[in-house]
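Structure, as structure tokens:
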Amino acid sequence: MSDTQTSDPVIARHDQYMTLNYPRFAITMVEGSGCRLTDAEGNGYLDLFSGFGAGILGHCHADLVAAGTKQMNKLWHVGNLLHTKPQTRLAEHIAEKGFGGRSFFSHSGADANEAAVKLARLYGKQNPGNATHAFGRFKVISTTRSFHGRSFATMGATGNEAVRRGFEPLLPGFVNVPYNDLAAVEAELDETAIAIIVEPIQGEGGVHVPDETYLPKLRKLCDERDLLLVCDEVWTGCGRTGKYFAYQHFGVEPDVMTLGKAVGCGLPVGVMCAGPKAADCFDTAKMGRVTHATTLGGNCVSMAVAARLFEVLDSDNLIERAALAGEQVKSRLLAFAEKADAVAEVRGKGLFIGVELAEPIAADVVQTCLERGVLLNATQGNVVRLAPPLIVTDEELDEGLSVLEGVLTG
Ligand SMILES: Cc1ncc(COP(=O)(O)O)c(C=O)c1O
């Protein structure tokens, strides 16, 4: 079928041939460059949401295009019975920027978390403590309003009933407790508990930043009880919040970190990085069998692009840029909130910002901003989210915020 110059035929074919699981806007995007998108009719948009944060360097960043193209012309995929340079390079970058650790590569945030849960269960089998349960220690504690994915294990971890409804029976072994509430976690620490999985800043839940002491206290509990602290950095990783990884705001290190979204810059990459406490559970020689694997995880092209991301973050000082620009955006929105009844709260760190509205009209606000050429996102009914590419300029932020403020005022 030939390509089309208008949106409608594309949408009609979509409606005929694709599952209708995504509530899409009736727009077909055909091109992107930096923070700008162009639709099939030639209309331009300012992208301040980066495709759920994945386009952390914007669209078609020259360095990523070069890295991906070079690798495409060299080697795509050989399978994980052989070594390849881009995989090792990415693993090294993640260890150096993070807490050391060993990386397992997959394709999405959900399957990175799936790997983390499998690792935790193996760790529980190897370290049963005083557990008398037939399965030893296996319970994973997560938080309400969290999002960890839509696979069976990660649905259990995800603290959102709407994500799970209709898929029962769910995988057992998960409990959700309120976020930012240490006592609620403590109440779940029975002999079967093995891990706590937490977003250092809740993303889908509405950009909630916990108290400074929350993560350190979770760390302490995990140390005292020999539990794994799993930080889900799928939203917050790779510079988004003004640090390489958001746990670094809180002065602690996790035992396991998961990445998705931004790490692939728009290509499908998931990472489960495990520190020395548990990484051996995925060590074939030590376990006497392959305990986890995936065919395309770590394919050369995705890895070459992801590895380049960390180099560009450093060469272009984008971590500092995210921190600084985020503060500027927040100050402006806080000043706006002082005068505008429409805004209840402004939250976030770096270039991950949530504007909680006084009314549950976030979807309408986002729709009107889109009609005015600015792409934002609505979550939880009353939160407008901004997660621009880290390369966004002051002028682009000014343009986007002026549109948002105009819509909120009008
Ligand atoms: C914190 C977090 N973890 C995991 C996921 C799942 O990632 P994916 O959609 O790539 O499976 C998401 C997706 O929004 C997320 O926000």
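Because the structure is predicted, anything quoted here is derived from the model rather than measured.
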Got a donor-acceptor contact below 3.5 angstrom from the [X] side chain to the [Y] backbone?
X: E92; Y: E96; result: no
X: N80; Y: T294; result: yes
X: N317; Y: E320; result: no
X: T154; Y: S151; result: yes
X: E199; Y: F147; result: yes
X: R347; Y: V207; result: yes
X: T393; Y: E396; result: yes
X: R240; Y: L351; result: yes
X: R385; Y: G203; result: yes
X: N43; Y: D39; result: no

Do the non-hydrogen side-chain atoms of [X] and [Y] ever get within less than 4.5 Å of each other?
X: I194; Y: D226; result: no
X: Y123; Y: D255; result: no
X: L376; Y: V355; result: no
X: L370; Y: V366; result: no
X: T84; Y: Q87; result: yes
X: M72; Y: T69; result: no
X: T291; Y: T284; result: no
X: L48; Y: V392; result: yes

Under the salt bridge (Lys or Arg N to Asp or Glu O under 4.0 Å) test, residues paired with K139 that sit two or more places apart
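K139: salt bridge (Lys or Arg N to Asp or Glu O under 4.0 Å) contacts with E188, D190.
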
Just jot down the salt bridge (Lys or Arg N to Asp or Glu O under 4.0 Å) partners of D316, sequence neighbours excluded, or say none.
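Result, salt bridge (Lys or Arg N to Asp or Glu O under 4.0 Å) vs D316: none returned.
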
I would like to know whether V365 and L404 meet side-chain contact (heavy atoms from CB on, under 4.5 Å); could you show each step before the answer?
CA-CA 8 Å; V365 169; L404 175 61; 3.8 Å; yes

Whether over 12 other heavy atoms sit under 6.0 Å from [X] [atom1]:
X: E212; atom1: CD; result: no
X: E311; atom1: CD; result: yes
X: E371; atom1: CD; result: yes
X: F25; atom1: CZ; result: yes
X: K125; atom1: NZ; result: yes

Electrostatic pair [X]-[Y], nearest N-O below 4.0 angstrom:
X: D111; Y: K118; value: no
X: D181; Y: K217; value: no
X: K97; Y: E233; value: no
X: E168; Y: R164; value: no
X: E204; Y: R145; value: no

Can you name the ring pair (Phe, Tyr, Trp, His ring centres under 6.0 Å) partners of F152, sequence neighbours left out?
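In terms of ring pair (Phe, Tyr, Trp, His ring centres under 6.0 Å), with neighbours along the sequence ignored, F152 is linked to no residue.
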
Heavy-atom closest contact ([X] atom, [Y] atom, distance):
X: C35; Y: I391; result: SG-CG1, 4.3 Å
X: L267; Y: V301; result: CD1-O, 4.3 Å
X: S146; Y: G159; result: OG-N, 2.9 Å
X: P360; Y: N382; result: CA-CB, 3.9 Å
X: F105; Y: A91; result: CZ-N, 3.8 Å
X: M272; Y: V256; result: SD-CG1, 3.5 Å

Which value, rounded to the nearest 0.5 Å, describes the distance between [X] atom [atom1] and [Y] atom [atom2]?
X: H148; Y: E114; atom1: NE2; atom2: CD; answer: 13.0 Å
X: L259; Y: S108; atom1: CG; atom2: OG; answer: 12.0 Å
X: I319; Y: D314; atom1: CD1; atom2: CG; answer: 7.0 Å
X: T379; Y: F52; atom1: OG1; atom2: CZ; answer: 8.0 Å
X: H59; Y: L64; atom1: NE2; atom2: CG; answer: 12.0 Å
X: E253; Y: L215; atom1: CD; atom2: CG; answer: 12.0 Å

Which word best sums up how the rings of [X] and [Y] line up, parallel for under 30°, tilted for 30 to 60°, or perpendicular for over 60°?
X: H292; Y: F104; answer: tilted
X: Y247; Y: F99; answer: perpendicular
X: F310; Y: F245; answer: tilted

Ignoring hydrogens and geometry beyond distance, is a side-chain donor-acceptor pair present between [X] and [Y] at under 3.5 Å?
X: T213; Y: D211; value: no
X: N113; Y: T258; value: yes
X: R332; Y: S402; value: yes
X: R308; Y: H61; value: no
X: H208; Y: N180; value: no

Does the side-chain contact (heavy atoms from CB on, under 4.5 Å) test come out yes or no for C222 and I196, once each step is laid out?
CA-CA 8 Å; C222 288; I196 300 170; 3.7 Å; yes

Please report the C-alpha distance between E399 and R36 in whole Å, then the side-chain angles of each, then the deciding distance to 0.1 Å, and finally whether the salt bridge (charged side-chain N to carboxylate O under 4.0 Å, His left out) criterion is met.
CA-CA 12 Å; E399 180 187 333; R36 303 283 173 178; 2.8 Å; yes

Take D280 and R102 through the test salt bridge (charged side-chain N to carboxylate O under 4.0 Å, His left out) and record every step on the way to the result.
CA-CA 9 Å; D280 282 358; R102 299 177 177 277; 5.3 Å; no

Are L401 and L386 close enough, and set up right, to give a side-chain contact (heavy atoms from CB on, under 4.5 Å), and what steps lead you there?
CA-CA 10 Å; L401 291 173; L386 289 86; 3.8 Å; yes

Worked verdict on Y214 versus Y179 for ring-ring contact (aromatic ring centres under 6.0 Å, His included)
CA-CA 9 Å; Y214 182 54; Y179 191 63; 5.4 Å; yes

